[in-house]
Structure formats: C-alpha cells, structure tokens
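What follows is a set of notes on a single structure, which appears directly below.
Note that this is a predicted model, so its numbers are computed, not measured.
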Amino acid sequence: MEIALTYSDDQAVAFDAVAEMLRSAGIDLEENLLMPPSGNADQAMAVTGKAGSGKTLLLAELYKAMEAAGVNIVSGDYESRKKADKRSLAILAPTNKAASVLRLRGVPATTIHRILYTPVYDPEYERIAEWLAGNGERPEIEGLTEISLDRAAAFYANNKSIPGALAAAGLRGSDFITGWKRREEPLDIGFVDESSMLDDKQFEDLKEIFPTLLLFGDPAQLAPVNQSGTMVFEKLPQERVMNLNRIFRQDAGNPILDLAHALADPELSFHQFEQMVEEAAKKDDRVVWGQRVEVDLMARSPVLVWRNATRIRLINAFRSVHGAPEDALLAGEPLICDGIELPLKHRKKRLDLEARGLIKGAQVIYLGEGRKPGFSRLHVMGAEDPQLSAASIVKIEKPDEEEPFIPFAARMGATFLHGAAVTIHKAQGSQWETVQVFAPDLYVAAKMGRIEAGQPLWKRLAYVAITRAQERLIWVVRNRLSKPSGPLAVDDLRSVPVVPLTLDAPEENLL
C-alpha cells in the first residue's frame, strides 16, 4: 500500500507555482492533460533550499506527476521521435555523480552534456528502444532470444533505463551508437539539479534548448569560480524563486545535517564548531573525530580540502604508501578528468568522450594500460555506461614543483589529475557514502577571515564539504595518513567489458 505524501507548506506553495508554470507550457498536472503551450514561451523558475529541505523529494514527485500526465521523459540513453501532441521533460545534473544520485532515487537523470549532444543509433537499437518505451511492436533481432527480450522488458518495467534493460539482455547500449551530433530540435521542459554549479554560459545554453526551465539549487553552497559569488538562480526575479525552509532530514536526527545547518549561526566560531563535531562523534557513529586520513577510503572517496598545496601533498602521500612508481599508474588509482585536449578536426571524438561521461570534473578509476601506448582503460564513476578506453594525458602534481610529472601520455586526448584528494569546490555536485574533510585547511580559511557572499568562507566550505556525505562524515583533525589494509583493487569494477574508442582516421591513433 502506497503512503500518501504530505507536503510541507513551503513545498505545497512551490508545487503549485511550478504547476502553474507547467500549465502555460502545455501540461496540466491536476487534470493529467497535455495541451498546446500558451502564454510566455520562455520561462525559468527556481526551487532553492538547504540540504535536507526536500528539494529532491519535490523534484521526484514533479517527475512522477508529469510522467503520469503522459509527458515524454528524455533520459539521454534514448529519445523517441518528437510528436506534436506530446510534451518532453529532461532531468539534468552537471556531473555524472550528481545524476547517479538521482537515478538511485528512481529519477531518470542524465548529464547536461548528454542532452546537449545526442547519439546516432543503429536501427536495431531504435526498434528495441521504441518497443521498451511502449511505442513499437516486439522486435525480432538476430541473436537475441525471446528470454533475453523478456529480461529486458522486466528490467525496464521497474527501472526506466534502456542501457540497463539491454544489459539484462546481455547487450550494451554503446555498441549501437554510430556517432554523436549537437542537438538540433529543442525540448520542452528541463529540470536542473545542483544548479548552484551552473555558470551563465551553461544557463544560456540550456535556455536555447528548453523554453521552460526549473532549477533546483542550494544557495548556501559555493558559486562557480567565474561567477563572482553569484548563482544563476539568484539573478531570477524574486517571484520566480521558491525557497524551501523546513529541514526534513533533521527531523530524523541526522547529525551530519545538524552540523551543516548549525553553520548558519552568525555567532558560531570555528573552535565552537569543532567542539560540536567532537560532541556529535561521541554520540553517533555517523560522525567520526578522525586523528588521521584513512587511506583505504581515498581510492573511491577523495579527501576534501581547501588548499591546492594540501591536495597535492595528500595525493603524493597516497601514492607513496601504495608504492606507486613515478613512471606508471597502479590499477585502482583514482583520477579526475581535467578536460579534453583535441584539435577542432576531432570535434566528433570530443563529443564522443564527453557524451560517455568524460567531462571536466568526472571521477574516474584507472583500470590499466590500453592496447596502445598512452591509452588507458577507465571506469567513469556514476556513468550509466562506465567503462571505456581512451588516449590519456595523466598529470601527477608534485609538492613545491610548478610543472606536474607526467608518467605517460598520448599526444592528445583526455587529460587527468590525480583524484585521491580534491578541492571542496570541485566536490560540489557529488556525494559519497563516507566523506573525509581535512579540517586543518578549514582552520586556515577561518584564520584568514575571508568573506564570500556575506558569509565567512570557512563556513561555506564546511557546509559544502559536510553535505557531500550520505552516511558518514570523518572530520580529520591531524595531518597524518594511515597505512593501507591491502593493495588497490578494481575487481568490483571489472564486471563490464571495456569499450574501445577508435578514430575514423586510423593513422592518428588518438582515441
């Protein structure tokens, strides 16, 4: 029996405001009707609130209501041909990790890149996808048994993921992609989670595709570096911003969120806050007063720091305790994509890499060398189709050295920094089950007395860092590193075969 959801007053107000905006976009949630759009064709609205205020819950409920009304959900893995009497919705996040957090909650989210660029599919894939989506007859595909099709249908009935359904049938969606192209046809409605990460250029790109945009964001987070402390939803008219004030997850006694929201007290000092963390750790094992950085966690969950110098020191300590050689990477080392260095003539391959998840800031696990010099086999964390092989330029930064050491490199391709530690700015949009926050860095920020958007910088940094933790927070207070319990491992990531990426012009051997 499904329990009826009761909205808080501010959620109800936000839902009604969004429903009114959607009505002018041609979607009547109250009557479950789709109509031609009316009124203002270009409109944007934001739902804001701190962590635990119910933004994601509201997003999920709006998605369910729109699906029930017959809205076509565009998830990035397949898109049916647009029909004049249909409205379309895409749910977006700036990073793979942020999209995967929503997918775990049953919301078919994808990355912004995956909507800006659309795949060109093999006709057989289209037949399977249209059938799964309920728009076509059961296909007959050579080599695909009736049992396999039944497995795909059963998976899709519970989880609206076509790549997942194909995997249940023993197939990979990426095997059917023949190329990529910039989206030509606009969609109708876009929901954007973690919109505090958007810069003005990304916002303008999204407005070109979606005449109706709904942004979900946390005003207490850090604004993009190039935004002068301002988030895109803060530039909307006041009546277009719905703020959620009630904190739901605090009601369940979540000590991590209690700490995050305590930072709103303007009188709270760094010393007082650390006392709160220490007291919370004595009462609840979800908060840990850490005397050292736990090296075993760093391979999959980076230590969050403020200063680049701290990040580089921790990375080199991580490599040292694992006995990593200077001229090679060990399988299992974490990396962060720092961009793609390809000339304009290889624009198609750039789109290919970005659409498969290798966007700036993507978290990646190195699986081993590729078949060609400079190639890496990689697992992209949070991507629906996570494994690929690509030409790589890996940079290992060294303490007190301006130029990074490059253990190996292709002439061009995807560039990577090490990912055992990352700055809190870069961690925005991601969550991990357990998060380690390097407190000495935040103490330095507190001593400097810097203010950002009217609040002490250390408090904004602490808030973002703390709210990256889903289950457990380790507040590390000493500059020490534990010894690893064993060698780095990737066995849990090897269940899916690696997909090689090759160029149309084989003599270039870039990807």
Side-chain angles (χ1 to χ4, degrees), residues 256 274 277-278 280-282 284-336 363-369 376-379 381 394-401 404-408 416-424 426-427 430-444 465-466 468-494:
I256 298 172
E274 283 215 314
V277 175
E278 194 170 11
K282 292 175 183 176
D284 197 307
D285 59 9
R286 287 175 288 181
V287 177
V288 177
W289 184 260
Q291 295 294 327
R292 63 188 182 180
V293 174
E294 296 298 329
V295 71
D296 286 341
L297 293 171
M298 294 171 72
R300 300 293 170 83
S301 175
V303 181
L304 304 188
V305 304
W306 175 46
R307 296 176 294 177
N308 262 320
T310 308
R311 178 179 64 85
I312 294 167
R313 282 202 312 274
L314 284 169
I315 285 168
N316 280 272
F318 171 86
R319 301 200 79 231
S320 177
V321 297
H322 278 292
E326 283 207 344
D327 60 349
L329 290 176
L330 297 175
E333 288 198 65
L335 302 173
I336 300 288
Q363 297 153 44
V364 175
I365 304 297
Y366 176 76
L367 298 179
E369 294 180 3
S376 301
R377 290 179 293 121
L378 307 166
H379 183 101
M381 302 299 287
V394 180
K395 303 173 183 178
I396 306 294
E397 296 154 293
K398 296 285 188 179
D400 305 317
E401 293 183 20
F405 174 73
I406 299 178
F408 66 87
F416 296 96
L417 302 174
H418 206 279
V422 302
T423 62
I424 294 169
K426 267 204 167 74
S430 296
Q431 284 190 309
W432 297 270
E433 187 174 311
T434 299
V435 163
Q436 300 186 84
V437 180
F438 195 72
D441 258 22
L442 299 187
Y443 175 63
V444 173
I466 286 170
R468 300 311 92 203
Q470 291 173 305
E471 301 292 338
R472 192 165 67 119
L473 168 70
I474 302 177
W475 187 262
V476 180
V477 296
R478 302 189 73 178
N479 191 11
R480 290 182 176 179
L481 191 71
S482 69
K483 292 182 179 179
S485 60
L488 292 168
V490 294
D491 293 346
D492 59 320
L493 302 178
R494 290 193 186 280

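For Pro325, the side chain to side chain contact (heavy atoms under 4.5 Å, CB included) partners are Asp327, Ala328, Leu330, not counting sequence neighbours. Partners of Tyr443 under the ring-ring contact (aromatic ring centres under 6.0 Å, His included) rule, at least two apart in sequence or in another chain, are Phe270. A search for side chain to side chain contact (heavy atoms under 4.5 Å, CB included) contacts involving Ala469 returns Ile256, Val435, Leu473, not counting sequence neighbours. When the side chain to side chain contact (heavy atoms under 4.5 Å, CB included) test is applied to Glu278, the partners found at least two apart in sequence or on another chain are Lys282, Trp289. Remark: Glu401 engages no residue in a salt bridge (charged side-chain N to carboxylate O under 4.0 Å, His left out) (not counting sequence neighbours). Checked against side-chain hydrogen bond (donor to acceptor under 3.5 Å, both in side chains), Asn479 has no partners two or more places apart in sequence or in another chain. Listed by chain and number, the residues in a side-chain hydrogen bond (donor to acceptor under 3.5 Å, both in side chains) with Arg313 amount to none (sequence neighbours excluded). Applying the ring-ring contact (aromatic ring centres under 6.0 Å, His included) rule to Phe318 yields the partners His322, His418; only residues at least two apart in sequence or on another chain are considered. Residues satisfying the side-chain hydrogen bond (donor to acceptor under 3.5 Å, both in side chains) criterion with Gln363, sequence neighbours excluded, are Ser430, Trp432. For Ser320, there are no side-chain hydrogen bond (donor to acceptor under 3.5 Å, both in side chains) partners at least two apart in sequence or on another chain.
Taking all atoms of both residues into account, the shortest heavy-atom contact from Gly419 to Pro302 is O-CB, 3.3 Å. Of all the heavy atoms in Ala299 and Ile365, the pair that sits closest is O-CD1, 3.4 Å. Scanning both residues, Trp306 and Thr423, for their nearest heavy atoms gives O-CG2, 4.1 Å.
Between Val394 and Leu335, some side-chain heavy-atom pair lies under the 4.5 Å cut-off. Between Ile424 and Leu442, some side-chain heavy-atom pair lies under the 4.5 Å cut-off.
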Check against side-chain contact (heavy atoms from CB on, under 4.5 Å), Ile396 and Leu329: CA-CA 10 Å; Ile396 306 294; Leu329 290 176; 4.1 Å; yes

Report the C-alpha separation of Val490 and His379 in whole Å, then their side-chain angles, then the decisive distance to 0.1 Å, and conclude whether the side-chain contact (heavy atoms from CB on, under 4.5 Å) test is met. CA-CA 9 Å; Val490 294; His379 183 101; over 6 Å; no

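Evaluation of the salt bridge (Lys or Arg N to Asp or Glu O under 4.0 Å) test over residues 288-305, restricted to residues two or more places apart or in two chains, returns Arg292-Glu294, Arg300-Asp492. Sorted by first and then second residue, the salt bridge (Lys or Arg N to Asp or Glu O under 4.0 Å) pairs involving residues 477-489 (not counting sequence neighbours) form an empty list.
Checked by atom type and distance alone, the side chain of Arg286 never pairs as donor or acceptor with a backbone atom of Arg472 at under 3.5 Å.
Between the CD atom in Glu397 and the CD1 atom in Ile406 there is a gap of 10.5 Å [rounded to 0.5 Å]. The CE atom of Met298 sits 9.0 Å away from atom OG of Ser482, with the distance rounded to the nearest 0.5 Å. For the atom pair CE of Met381 and CD1 of Ile336, the computed distance is 10.5 Å after rounding to the nearest 0.5 Å. In this structure, CG in Leu304 is found 11.0 Å from CD1 in Ile474, a value given to the nearest 0.5 Å. Once rounded to the nearest 0.5 Å, the distance linking OG1 of Thr310 with CG of Asp441 reads 3.5 Å. In this structure, Glu333 CD and Leu367 CG are separated by 12.0 Å, a value rounded to the nearest 0.5 Å.
Side-chain contact check for Arg319 and Asn316: no donor-acceptor pair (N or O, by modelled atom type) lies under 3.5 Å.
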